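First up is the structure itself, then whatever we jot down about it.
Quick caveat: nothing in here was measured; it's all calculated off a predicted structure. By convention in this document, chain letters (A, B, ...) are assigned in the order of the sequence lines, proteins followed by strands, and residues within each chain are numbered from 1. What you see below is based on every heavy atom in this structure, not just the backbone, and it leaves out hydrogens, waters and symmetry mates.
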Number of protein chains: 2
Amino acid sequence: MTETQKRPYHHGDLRQAIIETAIAMLNEPGGWQFTLREVARRAGVSHAAPYKHFPDKAALLAEIALIGFDRLHVALASARSGAGNATEALVAASRAYLVFGLGNPALYRLMFGAEIGNSAAVHRDKRAMGAFDVVMDLLAEGQAAGLIEKRGVAGQAASVWAQMHGLTMLKLDGMLRPERVGEDAVEAALASFYEGVFV
Amino acid sequence: MTETQKRPYHHGDLRQAIIETAIAMLNEPGGWQFTLREVARRAGVSHAAPYKHFPDKAALLAEIALIGFDRLHVALASARSGAGNATEALVAASRAYLVFGLGNPALYRLMFGAEIGNSAAVHRDKRAMGAFDVVMDLLAEGQAAGLIEKRGVAGQAASVWAQMHGLTMLKLDGMLRPERVGEDAVEAALASFYEGVFV
DNA sequence: ACCTGAACACCGTTCAAGT
DNA sequence: ACCTGAACACCGTTCAAGT
């Protein structure tokens with residue numbers, strides 16, 4: 001937490017410091033327009049220094065996106081373990097998903113953004129799957145327990161994932177306005193959705 | 001289609017030309033990193049000229065996003081009128097939605113992106129509602145005809161919208177990989193979703 | 001009324017040179 | 001091995017001046 005910039009030429013772990021500074025910047029208003037030079041400035045280092053640790057700006061962003069997926073994974077897993085049966089856990093995980101997305105708007109957008117090049121997209125996909133697997137497991141478990149409609153698990157999981165992602169995004173974009181779609185459209189949509197999934 | 005740049009100082013309708021050029025650029029690979037100077041260049045005009053028609057870059061992007069929503073509205077409405085009953089129309093509209101999003105990746109991302117400032121978000125919301133209303137009408141119609149599960153229409157519509165948006169985005173991000181979630185995960189997810197919505 | 005050209009303050013990225 | 005400083009090619013935006 002000692003954020004002084006009187007470091008002795010060599011920064012202890014600049015790579016890590018850059019990542020942390022960048023994530024912190026993302027959570028500020030307007031943090032989505034994110035400048036490598038500003039990160040360097042805040043880390044107390046020259047604007048060229050980051051290039052010793054990341055090939056370019058996109059690489060840093062990609063790395064941060066992966067960290068975001070790890071955090072989402074943790075949030076979902078912990079929501080699951082704190083809940084009872086599969087359907088309760090699924091609802092809890094959905095809420096946790098929304099809380100994560102709405103609480104970290106710029107990070108969340110970055111995770112699903114086009115700034116991540118197609119080459120890095122493969123890694124994104126892999127790390128994202130940790131969170132995805134939580135959903136798939138819950139669905140399989142719920143189906144086995146007779147709590148969830150028996151359909152193809154992959155398609156069902158994709159549908160659940162899309163529902164959570166879609167709701168998060170629409171809410172972030174301010175597209176679920178009370179005068180249009182009711183006071184708490186997110187809750188209503190989630191309820192409506194799970195009515196069709198739970199048995 | 002005469003894209004010559006020998007215009008006599010005054011461009012006929014530069015404002016319109018800028019918008020069209022910008023939309024064309026969006027549909028090129030890497031079109032999401034979109035530069036005002038390049039638009040001016042292609043329009044055969046100085047880099048300062050656009051500022052006579054748009055206060056800044058964000059304003060141009062916001063305008064283009066609104067056009068995108070109009071086009072989506074048209075696509076959904078035409079899919080609806082080409083289909084039979086409410087459920088068939090809903091499926092047709094969902095397909096049209098996906099085709100639109102996957103066919104115009106950068107435009108679609110722009111429509112839902114953070115580049116649109118919060119002030120412009122209100123307008124975005126209003127224009128987006130044209131498309132949203134198509135969905136709501138179809139649901140109300142389907143419920144009345146006993147084809148669709150009777151739930152709160154607002155929540156149901158939000159859920160449908162979220163499903164389409166989520167699927168489009170996940171597909172655009174390359175997050176629905178065959179080895180994970182099957183060959184045609186989009187179709188499977190859509191089928192799974194509508195099983196829970198249709199009666 | 002509409003457009004240009006030069007100018008300003010910024011970026012991302014590179015590279016020789018410093019410690 | 002790690003970092004700096006100057007440099008390059010670009011942006012977005014502004015503004016006096018041109019047509």
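- Nearest to the side chain of B:R37, among D:dT4, D:dT13, C:dT4, sits D:dT13.
- The 12-atom threshold is exceeded at NZ of B:K57, counting heavy atoms of other residues, nucleotides or ligands nearer than 6.0 Å.
- The phosphate of C:dG12 (OP1 or OP2) has a side-chain N or O of A:T35 nearer than 4.0 angstrom.
- When rounded to the nearest whole Å, the span between CG of B:D13 and P of C:dA1 equals 17 Å.
- Among the heavy atoms of the strands lying under 4.0 Å from B:K52 is at least one base atom, whether or not backbone atoms are also near.
- A:Y51 has its OH atom 18 Å from the P atom of D:dA7, to the nearest Å.
- Distance from the side chain of B:L14 is smallest for C:dC3 among the nucleotides C:dT14, D:dC3, C:dC3.
- Taking 4.0 angstrom as the limit, A:R41 places a side-chain polar atom (N or O) nearer than this to OP1 or OP2 of C:dC11.
- The side chain of A:V45 has D:dC3 as its nearest neighbour among C:dT14, D:dC3, C:dT4.
- Taking atom CG of A:D56 as the reference point, atom C1' of C:dC11 lies 14 Å away to the nearest angstrom.
- With a 3.5 Å ceiling on both atom-pair distances, the Watson-Crick or G-U wobble partner of C:dG5 is D:dC15.
- The nearest pair of heavy atoms linking B:Q163 to A:A162 is NE2-CB, 3.9 Å.
- Here D:dC10 sits opposite no nucleotide as a Watson-Crick or G-U wobble pair (both hydrogen-bonding atom distances under 3.5 Å).
- For A:K57 and C:dC11, the NZ to C1' distance is 8 Å, given to the nearest whole Å.
- B:H53 places its NE2 atom 16 Å from the P atom of D:dT13, with the value rounded to the nearest Å.
- The A:L36 side chain lies nearest to C:dT13 when the options are C:dT4, D:dT13, C:dT13.
- As rounded to whole Å, 13 Å separates atom P of C:dG12 from atom CD of A:E115.
- Donor-acceptor pairing under 3.5 Å is lacking for the side chains of A:Y194 and A:T87.
- For the pair B:H47 NE2 and D:dT14 P, the interatomic distance rounds to 12 Å; values are reported in whole Å.
- The ring pair (Phe, Tyr, Trp, His ring centres under 6.0 Å) test with A:F69 singles out one residue from A:F132, A:F112, A:F100, and that residue is A:F112.
- If you measure from atom CD of A:E38 to atom P of C:dA9, you get 17 Å, rounded to the nearest angstrom.
- Minimum atom distance to the side chain of B:A48 is reached by D:dT14, of the listed C:dC3, D:dT14, D:dT4.
- For B:Y97 and B:W161, the ring centers are positioned less than 6.0 Å apart.
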